[in-house]
*Asks:* 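Take a look at this one; I'll ask things after.
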Amino acid sequence: MGAAAEDAVQQLGLLMDQVEAPLMRSFQNVHQGHPRETMLRFLKAREWNVSKAHKMLVESLNWRIQNEIDSVLERPILPVDLYRSIRGSQLVGLSGYTKEGLPVFGIGVGQSTYDKASVHYYVQSHIQINEYRDRIILPMLTKKFGRPITTCVKILDMTGLKLSAMSQMKMLSSISTVDDLNYPEKSETYYIVNVPYIFSACWKVVKPLLQERTKKKVKVLSGCGRDELLQIMDYSSLPHFCRREGSGSSKHSSADVDDCFSPDHPFHKELYGHTTEQSSHKELLKMGSLHVSIPEPDPDDAKIVEVIEAEFHKMGGQNGSTNGHKV
C-alpha cells in the first residue's frame, strides 16, 4: 500500500480517536481488534477521501447505536419455526473456506422468495449473519492463520431467476443499502454462477454503471463454476449448487445438511444456537422482529436499481412471460 493510503489511514485514525465513548465502544465491536483494516475498508468505499470516509464511518456507528446492532446477536428469531421458514426463503449460508482462509458464502439469488415473514425479519436475519461473520467467524480465522482475515467470498446462484423477481427489488435494495453503508468492502470477490438469460441481459446495462473497483470484484463464471472455483477452494467448500452441472442445481431440501442454505446446516445451527444462548443471559427476552431503519441509498446505487427495473419491464414487454431460460 502506498504512502498516500497510509497517510489517509493515519488521518482517519486521529479523527476516530476523538469520537464519543458510545461510538468508540461500537467501533471496537466492529473492528474486533483490527481498527486499521476497518478504516481501510471505509476509505476504499469513499475513494480514499478522509473526510467522506470519516463521515460514513461515524454515520454507520450512529446507525448501529440507534438500531441496537451491537446486541442483535442476543435477539434470536422466534419461534424457531419462523426462523426455519426464513432460512427456506432467504437462501444464504456458509459453505466453507478458500485455500487462503476466507469464508465462502453461497447465496441463492434466483430462488429466494422472501415471502414467509415481514421485511424486518429478513433484514434482522441478514444483519445477524453479517455480525456473526464479523464478530465470531472472522476473528476465529484471524487467530487460526495468525493474520487479519476481514473479508469473505460470495458465490451468487442465479438458478431460477425470473422477471417476477422484480417484486423483490425493494427488499433486495434495502439489504444492499445496509451492506453498502455499514459493511463496506467486506466481499473480496463475487462469483456469479448458473446464469440465465435474464441476468446476462441486465448485466450488460448495469456493468457500465458500476465503479471500476466493483467491476473488478465481479466474476461471471460458466455453468456452475465448479472448475474455476476449485482453483481457490477445495471441493468440500463448494456450495452444493456448484458441485454439479445442470439446471436447478441449487434446489434444496431443508433436511440436507450438505445444503448450506438449510437451517440444519452446521453454520445455521451454530448461529441460531449462539443467539439463543446469548439471549438466555438477558433478564427479559424481547419478542418480535428488530425494526432496523434502512439508510437512504447512495444516489448511484438508486440509479442502478432504476436501470434494473427498467430492463425487467422491457424484457417483460418483449416476451410477455416471466421465464428466464438458460442460454
Side-chain angles (χ1 to χ4, degrees), residues 87-114 126 129 133 137 151-165 168 172 175-176 179 186-204 206-207 210 214-268 308 311-312 315 321-327:
R87 289 278 57 79
S89 52
Q90 182 184 39
L91 305 181
V92 58
L94 176 71
S95 65
Y97 306 91
T98 68
K99 295 174 182 177
E100 294 183 347
L102 274 62
V104 177
F105 284 88
I107 302 174
V109 176
Q111 295 184 333
S112 291
T113 57
Y114 299 99
H126 179 79
I129 291 173
R133 173 197 66 196
I137 294 175
T151 58
C152 67
V153 166
K154 291 182 179 177
I155 305 176
L156 280 58
D157 179 25
M158 296 294 167
T159 299
L161 186 66
K162 298 180 175 65
L163 289 175
S164 56
Q168 301 163 14
L172 296 173
I175 289 174
S176 175
D179 279 355
K186 271 295 184 178
S187 299
E188 197 77 19
T189 313
Y190 297 91
Y191 293 101
I192 316 294
V193 302
N194 298 318
V195 175
Y197 168 75
I198 185 174
F199 173 82
S200 302
C202 285
W203 180 239
K204 287 179 182 177
V206 168
K207 187 176 181 180
L210 298 176
T214 304
K215 287 181 192 176
K216 290 178 179 178
K217 287 186 175 186
V218 179
K219 311 290 184 185
V220 181
L221 305 183
S222 174
C224 70
R226 180 182 56 212
D227 293 342
E228 293 95 332
L229 292 170
L230 284 174
Q231 296 176 25
I232 63 165
M233 68 187 73
D234 294 332
Y235 183 85
S236 60
S237 289
L238 287 175
H240 58 284
F241 53 80
C242 293
R243 295 186 180 186
R244 60 184 183 276
E245 296 286 355
S247 61
S249 40
S250 75
K251 289 182 179 177
H252 63 289
S253 163
S254 60
D256 183 1
V257 294
D258 287 331
D259 174 359
C260 66
F261 300 153
S262 168
D264 296 311
H265 187 275
F267 166 72
H268 288 301
I308 293 174
E311 190 66 18
F312 271 41
M315 285 187 285
S321 74
T322 58
N323 290 323
H325 297 292
K326 289 241 178 179
V327 291

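Because the structure is a prediction, the values reported are computed rather than measured.
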*Asks:* Can you check whether Y114's main-chain N or O pairs, donor with acceptor, with S112's side chain at less than 3.5 Å?
*Replies:* no
*Asks:* With sequence neighbours excluded, tell me which residues meet side chain to side chain contact (heavy atoms under 4.5 Å, CB included) with K219.
*Replies:*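 Listed in chain order: T189, Y191, L221.
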*Asks:* Without swapping roles, check the side chain of R226 against the backbone of L229 for a donor-acceptor pair under 3.5 Å.
*Replies:* no
*Asks:* To the nearest 0.5 angstrom, please state how far the CZ atom of R87 sits from the CG atom of D259.
*Replies:*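 The distance works out to 11.0 Å.
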*Asks:* Taking T98 for the side chain and M233 for the main chain, is one N or O donor matched with an acceptor at less than 3.5 Å?
*Replies:* no
*Asks:* Are K99 and D234 packed together at the side-chain level, in the sense that at least one heavy-atom pair is separated by less than 4.5 angstrom?
*Replies:*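 Yes, their side chains come closer than 4.5 Å.
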*Asks:* So, do V220 and K207 sit near enough that their side-chain heavy atoms are less than 4.5 Å apart?
*Replies:*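 No, their side chains stay 4.5 Å or more apart.
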*Asks:* Which pair of non-hydrogen atoms, one from S237 and one from G96, has the smallest distance, and what is that distance?
*Replies:*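 Answer, listing the atom of S237 first, then G96: OG-CA, 3.5 Å.
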*Asks:* Ignoring hydrogens and angles, state whether a donor on the side chain of D157 or T159 is under 3.5 Å from an acceptor on the partner side chain.
*Replies:* yes
*Asks:* To the nearest 0.5 angstrom, please state how far the CZ atom of F267 sits from the CD1 atom of I137.
*Replies:* 4.5 Å
*Asks:* Can you tell me how far CG of L210 sits from NZ of K217, rounded to the nearest 0.5 angstrom?
*Replies:* 11.5 Å
*Asks:* Classify the ring geometry of F261 against F241: parallel below 30°, tilted from 30° to 60°, perpendicular beyond 60°.
*Replies:*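 Ring orientation, 0 to 90° scale: parallel.
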*Asks:* Starting at CD1 of I232, measure out to CD of E188 and round the result to the nearest 0.5 Å.
*Replies:*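 Between atom CD1 of I232 and atom CD of E188 there are 10.0 Å.
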*Asks:* Is H268 reaching over with its side chain to a backbone N or O of C260, donor-acceptor style, under 3.5 angstrom?
*Replies:*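 Between the backbone of C260 and the side chain of H268 there is a qualifying donor-acceptor contact (under 3.5 Å).
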*Asks:* Main chain of T151, side chain of R133: is a donor-acceptor contact present, judged purely on distance under 3.5 Å?
*Replies:*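 Between the backbone of T151 and the side chain of R133 there is no qualifying donor-acceptor contact (under 3.5 Å).
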*Asks:* Roughly how far, to the nearest 0.5 Å, is the CD1 atom of I192 from the OG atom of S222?
*Replies:* 14.0 Å
*Asks:* Please lay out, stage by stage, how K154 and V104 fare under the test side chain to side chain contact (heavy atoms under 4.5 Å, CB included).
*Replies:* CA-CA 6 Å; K154 291 182 179 177; V104 177; over 6 Å; no
*Asks:* Taking all non-hydrogen atoms of both residues, which atom of H265 and which atom of L94 are closest, and how far apart?
*Replies:* CE1-O, 3.0 Å
*Asks:* Can you list the residues that meet the ring pair (Phe, Tyr, Trp, His ring centres under 6.0 Å) rule with Y97, with sequence neighbours excluded?
*Replies:* none
*Asks:* Taking the side chain as every heavy atom from C-beta outward, state whether W203 and V195 have any pair of such atoms under 4.5 Å apart.
*Replies:*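 W203 does not reach V195 side chain to side chain.
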*Asks:* For the CD1 atom of I155 and the OH atom of Y190, what is their distance to the nearest 0.5 Å?
*Replies:*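 Between I155 CD1 and Y190 OH, I get 13.0 Å after rounding to 0.5 Å.
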*Asks:* Could you go step by step and tell me if H240 and D258 meet the side chain to side chain contact (heavy atoms under 4.5 Å, CB included) rule?
*Replies:* CA-CA 7 Å; H240 58 284; D258 287 331; 5.6 Å; no
